[in-house]
Structure formats: C-alpha cells, structure tokens
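Worksheet: the structure to be examined is printed underneath.
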Amino acid sequence: MLNKLNSLHLRINRQILFPASSLIFSNSTVSAAKLDSHEPTVITTSISPIDPNPSDPVRDIVADLKNLGFRRFIGENYVRDFDDLRLNESQVDRIFDCLRTESPVVAVQLFHWLRSEYGFKHSRYSSFVVSHVLASKKRFKELRFVLEQMLQEEGSDSAPSLCELLLNSFRDWGSNSEVCDMLAFVYSRSEMVHDALFVLAKMKDLNLKVSIQTYNSLLYNLRYTDIVWDLYHEIKVNATPQSEYTTSILIDGLCQQSRVQNAVLFLQETAGEEFGPSVVSFNTIMSRCCKLGFAEAAKALVCMMLKYGLHPDAYSYNILIHGLCVAGSMEEALEFTNDMQKHGVKPDTLTYHILAKGFHLLGQMTGAWEIIQKMLVKGLNPDLVTYTALICGHCQIGNIEEGLRLREEMLSQGIPLNAISYSVLLSCLCKRGQVDEALRLFYEMETAGLNADLVTYSILIHGLCKQEKVQKAIQLYDEMCSKKIYPNSFTLSAILLGLCENEMMSEARMYFDTLTMCDLTQDIILYNIMIDGYVKVGNIGEALQLYNQIIEKRITPSIVTFNSLIYGLCKNGMVAEARRWLLENIMLHGLEPSTVTYTILMNAYCEEGNMHCLFKLLEEMRAKAIGPSHITYTVVIKGLCKQWKLQEAIRLLEDMYAEGLTPDQITYNTIIQCFCKAKDIKTAFQLHEEMLLHKLEPTPVTYNILINGLCLYGDLKDADNLLFSLQKSDISLTKVAYTTIIKAHCVKGDVNKAVVYFRHMVEKGFEISIRDYSSVINRLCKRCLISEAKSFFRMMLLDGYRPDQHICEVICNAVYQGGDISSMFELAAGMIKSGLVPDKFMRKKGNSAATKFSMNVFCVLFYSLRRSSTSPLLQLRPLLPRPCCNAAASSSLNIIIVFINFSLLCLVLTLIIGNFKTTLIHHTLMCNSVVLFHLKTRRLVALWQRKTPNSIFRNSCAERW
DNA sequence: ATAGGGTTAG
C-alpha cells in the first residue's frame with residue numbers, strides 16, 4: 001500500500017516538479033552562456049573537495065550512493081530526496097568526480113539515469129569524466145554513445161574548446177588517448193570532418209595513438225579528396241595496424257570518381273600486404289565497371305580475382321550478372337547464374353530480381369515472369385522488391401486492378417509498400433489517364449508517412465501535364481522544391497514532354513528557351529523531347545534547326561535524336577532521305593541504329609506499301625544482331641495484313657511468343673482489325689479470347705474495332721449485344737464505340753436506336769461536340785429522313801449546343817431539298833444571328849440545290865451586314881471569288897450581290913429590301929452570274945459569268961468564272 | 001563501407 005502511494009506521489013511529483021530537465025538545477029548558467037555567446041564557452045573546472053560540513057548536499061548523496069549502491073539509491077525514498085534537491089552544475093560535477101575513483105560503475109549508472117529519467121543535459125566535464133571511466137573499462141560502445149550525445153549538443157566547430165578542456169583537465173588520466181581517439185571518430189561519423197581533423201592534429205602533437213577505425217572513417221568521409229592520400233601516408237608512417245576496410249575504402253573512393261584504372265593499380269600495389277586485394281575491393285571495382293557500361297572489364301576482373309586466389313562471392317556474381325543484364329547479354333547472364341551454382345554460391349532473391357529486370361529491359365515480359373516464378377518455386381520468399389516486380393509486370397500490360405490487389409496482399413503479409421512500389425502504381429494510373437486516381441493514391445501514400453521522391457513527383461507532374469492540368473503540375477513542382485527535392489533532367493523533361501504531348505509547342509519552346517538561358521539544356525534528352533514534339537506536329541524545319549543547334553553547341557546527339565528526325569522525315573514522305581540519314585549521319589557520330597530506328601523506317605515502308613524494303617530492313621537487323629521488339633513485329637504484322645497474308649500474320653504472332661516477346665494490345669488490335677476487314681469476325685473474336693487468355697486487357701480500341709466489325713460485316717444485333725454486355729461489365733469504352741454503333745443505326749434507318757445510344761453517350765459524360773450531332777444529321781439527311789433530322793437538330797439545340805457552319809449547311813440543304821422554304825429562311829436568319837456564313841457553297845461548282853440555296857442565304861447575309869456594319873465588303877471578301885474581291889478592293893463600292901437564280905433573287909430582294917427595283921437587272925444576264933452593284937447609284941458595276949462571258953465585262957473575267 | 005525494384009525519347 002505504501003509503495004503504491006509512493007509511486008503515485010513520485011509520478012505526480014515528477015510531472016509537477018520536473019517538466020523540464022533544467023528544473024533540477026537552480027543554476028543553469030552553462031546553457032544560457034552558450035546561447036548568448038558565439039564563442040565556444042571554455043570551462044576551466046576546478047573541483048573542490050567535499051566539504052566536511054554536514055550541510056553540503058553533495059557529501060550525503062555521494063555517501064548514500066557509495067554505501068547503498070546505485071540500485072538501492074534509486075529506490076523511491078532516495079529518489080524523492082534527490083528530486084527535492086536543487087543542485088548546480090559544479091555540484092553534479094563534484095559528485096561524478098568523487099565517484100569515478102571509488103565507485104566508477106555507479107558513476108556511469110547515475111550519469112545514464114539522470115539523462116534518461118530527467119532528460120538531464122550533462123556538462124562537458126561530467127561527460128568526459130564518465131567517458132574516461134568507460135574507456136578504462138573498455139566499454140567502447142557506451143563511450144561512443146556518450147560522446148555522440150555530447151557532440152549532438154555541441155555541434156560543429158566545438159573541437160577547439162573540447163580539446164582544450166580534455167587536454168587541460170584530463171591530460172594525465174590513463175585513458176586520454178582512447179577518449180581522444182573516440183572523440184575524433186565520433187566527430188568524423190557525425191560528419192564534422194574539420195573537427196575530427198582538429199582532434200587528430202592535437203593527438204599528433206601529444207603523440208597519442210589514432211586507431212585504424214578513426215582513420216577509416218575519415219578516409220571514407222574524405223574519399224573524394226586528395227587528403228586521403230596524406231592520411232594513408234600517415235597510417236603507413238605510424239605503422240598503424242590496418243584493417244580489411246582500409247584498402248576497400250580507398251578503392252571505393254577512386255571508383256566513385258570513376259578512376260577505375262587507378263583503383264586497379266592501387267589494388268595491385270597492396271598485394272602481399274596483410275590486407276591486400278580483397279573480394280570486397282574487387283567487387284567495388286567490378287560494380288563501378290558495370291555502372292560505366294564495361295561488363296567485359298568486370299569479367300576480366302573475375303579472372304584477376306582467381307589469380308590472387310580469391311573466390312567470387314554472391315556479391316561478385318550478382319554485380320556481374322547485373323552488368324550483363326543491363327548490357328542486354330541475357331544469355332551470358334544466365335550462364336554466369338549456372339556458373340555461380342557450380343561454384344557453390346546459391347542464387348538468391350537478388351539474383352532473380354536482377355535477371356527479371358534484364359528480361360524486363362528487353363521487353364521480354366514472359367521471361368521476367370518465368371524468373372520470378374522460378375524463384376518462388378525454389379522456396380525463396382517474395383520481398384518488397386519481388387512484389388514490386390510483380391506489380392510492375394501487371395501494370396506494364398495495363399492491369400492496374402491486379403497491381404492494386406497485390407498491394408492489398410502485401411499489406412496483409414506485413415510488407416509495407418515504399419515510394420518505389422507506389423511509383424509503379426502511380427505511373428500505371430497516369431499512363432491510363434487516371435490522373436485523379438493517381439493523385440488520390442499519392443495522398444494516401446503521404447498519409448501513410450511515405451515521402452515522395454524525385455521519381456514519384458516526376459511521374460505525377462508528367463501525368464498532369466499530359467492531361468493539360470498544368471496548374472496542378474506547377475503546384476506539385478513547387479511542393480517538391482519546398483521539400484528540398486530539386487528537379488533533375490527527368491523532372492524538367494516531364495514538364496516539357498507534357499507540353500509537347502499536348503501539342504502546346506509554343507509554350508514548350510518558351511520553357512525550353514528559359515532552360516537554355518539558365519544553361520540547363522546541356523542534356524540531350526531535353527533537345528530530343530523538343531525535336532520529337534516538333535516532328536509530331538509536322539514541323540520538321542524547326543526540328544532540323546534544333547539539330548543544328550545541338551551540333552553547334554557540341555552536344556553529342558543520341559540515337560533517339562536521330563530516331564525522331566528519321567520519324568519526321570518519314571512522316572513528310574521523305575523515306576529515302578530518312579534512309580540516307582540512317583546510313584550517313586548516325587554512323588558519322590559513331591552511333592548504332594537501334595531497334596527503334598529500324599522500326600520507324602519499317603513502318604514508313606509499310607505505310608508506302610513497300611513490303612520488299614520492309615523485309616530487307618528486317619533482314620538487315622537480324623544480320624546486325626539488333627533484336628526486333630514487339631513493336632517491330634507489330635509493324636511487320638501490319639504489313640502482312642495489308643497484303644492480306646492473314647495466316648502469315650498469325651504465324652508471326654506465334655513466333656513472337658516463341659521468341660519470348662509479348663505482343664501488346666496494339667499487336668492484337670492490328671491483327672483483329674485485319675480479320676474484321678476480311679469479314680472473318682469469328683477469328684477476330686477468337687483473337688480477342690486469346691488476349692484474355694494471355695491476361696492482356698483489351699483496350700477500348702479493341703472493342704471499337706470489334707463493334708465496327710460487327711456493324712459493317714456482321715449482325716448489327718450482335719454489335720448491340722456486345723455493347724450492352726460491355727456496359728454491364730463496366731468495361732471502359734471510348735466515345736468511338738458509341739459513335740460507331742450510332743452511325744450503323746442511322747445507316748439502317750433505325751433512328752430510335754440511334755437516339756437511345758446518343759443519350760447513353762451523353763449520360764456517360766463523354767465530351768460531345770457539334771460534329772457528333774452533325775454526323776448523325778448528315779446521315780439522316782442523306783437517307784432523306786428530313787423530319788428525323790430536324791428533330792435531332794432540335795435535340796441538339798435543347799442540349800445547349802449552338803449550331804455551326806457545317807451543320808447549318810447540311811440541315812439547310814435538307815430542308816431546301818424537301819421544299820420547305822420557310823424553314824430554310826428561318827434557319828438562315830438563325831445563322832446570321834450566330835454570325836455564321838455559308839461560305840463553302842460559294843466555291844462549289846454546279847447548279848446544285850445547295851448552291852442555289854447558298855446564293856440566297858448570301859443575299860440575306862449581305863443585307864444584314866449592310867445594315868450592321870460600315871464596311872460589309874471587308875467582311876464579305878473572303879467569301880467572294882477572287883476577281884470579285886479585286887474589283888471590290890479597287891473601287892469604293894459598298895454593295896455586292898451574288899446570285900444565280902433570278903426568280904429566287906427577286907423573291908429575296910423583295911422580301912428584304914422591299915422597294916428594290918429588280919427591273920434594273922436583265923433576266924438573261926442573271927444565270928450563273930455574279931453581279932456587282934453600286935449601292936447609291938444602283939448601277940451595275942461588274943459582272944462575272946460562268947459560261948459565256950458578257951462582252952461588256954470580258955476584261956474583268958476570271959479564269960474560273 | 002561492395003549487389004536488386006520505379007519515372008524519360010519510337
């Protein structure tokens with residue numbers, strides 16, 4: 001009962017009395033002094049002996065600690081007493097000073113206890129006292145901890161004052177050398193290298209021994225500088241016994257600076273020493289070689305290792321296998337995996353991950369899958385990286401659902417995702433255009449306490465730019481910078497790419513020019529994106545200009561630069577020119593054409609229908625051992641389809657699987673479309689089944705193709721059923737699926753069904769354009785379903801769409817044909833109100849109803865312009881045949897009338913102008929003519945006739961009129 | 001203190 005009360009009291013007591021550590025002491029001069037002064041505080045401590053006077057609290061505490069021992073001292077009663085005391089810093093220092101000789105163990109215990117229980121900040125003196133105690137007992141781990149805590153509080157540039165204290169007050173203490181050494185070590189480990197070097201210099205003055213651990217740590221921190229070689233010299237001179245790490249740290253330093261050759265030479269120099277060439281050192285050099293792309297050199301190093309009697313370990317093999325995989329030499333990588341096993345080194349999860357990545361890089365997803373499966377069969381546990389690889393595999397083929405399912409599985413297995421695994425999912429969502437989903441996942445990731453890194457931000461910024469959500473992208477960009485994550489060429493390129501993909505070329509160029517001004521465009525990638533952007537919008541001139549800029553700036557173009565230019569040339573129909581570029585410029589720059597280069601050219605030949613050249617290039621690729629990708633094969637399949645070699649196309653598809661290349665959705669879409677065109681709907685659907693079997697999620701385009709196939713060559717009812725079941729399964733579709741089926745029903749004359757689907761399309765939230773209405777109206781008009789067309793037109797107006805030029809012309813034409821003149825005028829008036837002009841008909845030849853009509857509309861138009869505008873000619877100019885314009889420009893006319901049919905003209909003019917004297921114009925002159933009037937005098941000024949030019953006006957006659 | 005996964009040009 002008493003104990004319980006006491007402990008309760010203690011808890012309350014502590015809460016009340018010791019919310020902060022400084023409360024223990026009445027005097028906290030040290031911390032105050034530190035805050036006020038910029039100079040490090042130098043304390044010269046003189047410890048006074050214990051006062052025999054019984055009122056000295058230190059005396060009692062020390063006596064109790066010694067007599068009772070620490071355990072009993074911290075029993076509740078004493079603690080209470082201790083709590084109630086107010087001790088100043090020098091009193092505590094005295095306690096430690098007294099204890100260290102008589103009860104050193106208790107001194108250490110008290111030291112820790114005060115800090116852990118009260119968060120007490122010890123003085124430098126006490127810390128050093130305890131440090132010496134620990135050093136003398138060889139409790140180095142604790143010593144390191146004490147000094148670490150001390151340096152955390154002292155910060156950098158504290159070495160001079162700490163050394164002074166240490167060397168003044170502790171010079172003769174037995175463990176000074178160890179404490180000094182540990183101090184230097186901890187400074188170095190805390191990345192306060194200057195302080196560490198200061199301590200080292202002092203030690204040198206006093207002839208104190210520096211341990212190899214301290215040297216090693218300093219060597220590591222200074223590995224990019226030449227100071228390391230001074231330090232290394234010092235180690236040699238002092239005959240400090242080295243450790244196995246010393247040489248490997250130096251080797252690592254050289255490697256980090258890409259001085260691989262120096263590293264090898266240095267390693268050879270250390271041969272014969274106790275810690276000469278080691279497996280770790282070799283691994284370090286091999287790793288660097290591979291990173292620099294010299295997998296061959298890494299292989300040679302393995303031989304060198306064996307010569308030194310060293311055996312490659314799992315690291316060595318994994319490094320080498322990784323190097324080979326990145327270099328694309330999968331065969332050799334697999335050979336070394338076997339070799340590894342033969343030498344008794346078991347491939348581990350890392351080995352499998354490396355191999356999977358290798359296949360992945362080559363686009364051989366099947367190979368990657370098989371490797372991961374093999375790993376799981378071998379009983380190796382999937383870890384975060386394995387899962388990431390699996391998620392990546394699913395995401396690659398667009399199966400985000402499976403990716404998200406795996407995420408759930410990971411969480412249930414207690415494997416939390418990191419920024420990388422989230423990035424894979426985010427990237428997949430962005431690629432599918434689900435940026436909002438991606439943002440949601442991103443916030444979820446942040447809520448889970450994961451920090452987005454540069455890559456994560458780059459993915460999102462790219463996704464947002466691509467969707468024209470530039471504002472949000474900029475917001476994220478600012479957020480990223482505020483987190484001190486600075487953009488690299490990836491981030492810059494994400495923005496640039498986003499702008500280019502939106503065909504916002506002028507904005508992209510502005511951004512690019514800004515980067516150039518800041519000298520940030522040394523990176524060829526940024527140039528490549530710009531060039532590619534220009535090429536895609538067909539501006540090959542601007543692209544070539546940028547290429548010249550690259551050459552002027554002496555930036556080395558990459559194969560991608562050429563690929564884009566070749567694409568541009570091909571797109572402009574300059575295939576032969578493109579082929580020449582391939583042969584001349586690429587070779588000139590010492591570059592090798594890539595799979596992409598060949599694929600672009602092959603595609604161009606395919607478009608031209610030049611299968612001969614296409615297959616010649618395929619052979620050339622094979623001869624050069626440039627592996628075709630799944631895209632290359634897709635192009636070949638497209639070519640075969642064009643030639644109606646359907647069976648060969650199917651065979652090639654099978655070959656792809658056999659070669660480990662995974663056909664993607666576009667491959668299937670190509671071949672399915674071909675079978676649809678060949679009216680073999682059955683096989684088309686079989687191929688669709690095959691896609692599902694290979695876990696390839698059909699794209700909305702796949703369904704567009706199938707629906708279109710059924711509409712054109714199959715039963716429209718089947719198309720209805722397919723669309724219905726797709727809608728029911730909530731499979732994502734594009735607008736095209738709807739417009740296709742609407743078109744089919746219009747053609748068949750089933751307006752009701754067309755309207756129903758049109759309503760579906762609107763309800764699904766697709767952006768409906770005026771074109772969607774006009775194409776339906778157009779089709780209905782073509783089938784002379786005038787009243788249906790009119791009701792559709794009304795529906796459009798009700799939906800809030802303003803009719804455009806084209807739709808007016810179509811509907812006007814239709815009502816005119818139906819003889820509904822009043823509707824026609826109604827529409828014409830509506831058009832003029834909307835500022836529309838019947839411009840296309842003016843240029844149409846022939847005496848079609850449309851032309852007749854348009855002439856009349858033109859009159860109406862002209863009239864309203866005359867009333868509203870001071871210069872009708874200026875506005876009418878673009879509508880008139882060229883000679884008419886010239887005449888109008890040269891004289892100060894302010895009226896033109898263009899017409900063909902006299903009776904209609906009279907009608908219109910009478911309707912509009914009322915008292916217009918039609919008799920001024922002779923009937924016979926009016927057919928197929930354009931007449932120019934002067935408004936005020938109402939005199940005929942000029943006339944153009946189509947068939948037989950009137951002799952009076954022959955001189956003004958134009959070629960076409 | 002040496003090895004693995006994600007973003008970018010067709």
Side-chain angles (χ1 to χ4, degrees), chain A residues 216-217 219-221 223 243-246 248-253 255-256 278-288 290-291 313-323 325 348-358 360 372 383-393 395 417-428 430-431 453-463 488-494 496-497 500 523-533 535-536 558-564 566-567 570 594-603 629 631-632 635:
Chain A
N216 282 349
S217 170
L219 288 176
Y220 179 76
N221 279 327
R223 65 196 187 282
S243 79
E244 53 179 320
Y245 294 125
T246 314
S248 48
I249 291 167
L250 289 164
I251 295 277
D252 179 53
C255 286
Q256 298 274 349
S278 65
V279 177
V280 172
S281 294
F282 269 108
N283 290 347
T284 308
I285 303 178
M286 278 166 62
S287 167
R288 197 65 203 175
C290 289
K291 277 190 189 127
D313 61 4
Y315 283 78
S316 324
Y317 279 110
N318 284 339
I319 290 167
L320 186 60
I321 292 168
H322 185 234
C325 283
D348 53 14
T349 44
L350 250 71
T351 321
Y352 289 104
H353 292 154
I354 292 166
L355 289 169
K357 161 99 191 245
H360 178 98
I372 296 291
D383 64 5
L384 176 60
V385 181
T386 324
Y387 271 111
T388 308
L390 289 170
I391 292 176
C392 190
C395 284
L417 284 83
N418 63 359
I420 294 180
S421 28
Y422 268 109
S423 293
V424 180
L425 291 167
L426 290 175
S427 158
C428 183
C430 285
K431 271 184 192 150
D453 63 7
L454 187 62
V455 177
T456 325
Y457 275 111
S458 298
I459 292 168
L460 286 172
I461 289 171
H462 179 220
N488 64 358
S489 67
F490 272 134
T491 327
L492 300 179
S493 66
L496 199 60
L497 192 69
C500 286
D523 199 324
I524 187 65
I525 291 180
L526 295 174
Y527 270 101
N528 288 348
I529 294 171
M530 251 353 260
I531 289 179
D532 199 60
V535 150
K536 291 245 169 76
S558 72
I559 189 62
V560 179
T561 323
F562 289 109
N563 288 347
S564 292
I566 288 175
Y567 176 84
C570 288
S594 66
T595 307
V596 179
T597 324
Y598 277 103
T599 309
I600 293 168
L601 271 171
M602 283 164 75
N603 189 48
S629 69
I631 302 175
T632 320
V635 169

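Here is the naming used below: chain letters follow the sequence lines, and residue numbers restart at 1 for every chain. What you see below is based on every heavy atom in this structure, not just the backbone, and it leaves out hydrogens, waters and symmetry mates.
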Quiz item: Has the side chain of N563(A) got a donor or acceptor atom that lies under 3.5 Å from a matching backbone atom of I566(A)?
Solution: no
Rounded interatomic separation in angstrom, taking [atom1] from [X] and [atom2] from [N]:
| X | N | atom1 | atom2 | answer |
| --- | --- | --- | --- | --- |
| I531(A) | dA9(B) | CD1 | P | 14 Å |
| L496(A) | dT8(B) | CG | P | 15 Å |
| M530(A) | dA9(B) | CE | P | 14 Å |
| L526(A) | dT8(B) | CG | P | 15 Å |
| N563(A) | dG10(B) | CG | C1' | 6 Å |

Self-check item: Residues S594(A) and T597(A): side-chain donor-acceptor under 3.5 angstrom
Solution: yes
Quiz item: Are side-chain N/O atoms of T632(A) and S629(A) paired as donor and acceptor at under 3.5 Å?
Solution: yes
What is the distance from atom [atom1] of [X] to atom [atom2] of [Y], rounded to the nearest 0.5 Å?
| X | Y | atom1 | atom2 | value |
| --- | --- | --- | --- | --- |
| T388(A) | D383(A) | OG1 | CG | 8.0 Å |
| L497(A) | N528(A) | CG | CG | 11.0 Å |
| L426(A) | L460(A) | CG | CG | 5.0 Å |

Exercise. Scan T597(A) against the nucleic acid and name what it touches under 4.0 Å (heavy atoms): base, sugar-phosphate only, or nothing.
Key: nothing
Exercise. Sugar-phosphate means primed atoms, P, OP1 and OP2; the rest is base. With that split, encode nucleotides 2-7 of chain B 5' to 3' as B, S or - using protein heavy atoms under 4.0 Å.
Key: BBBBBB
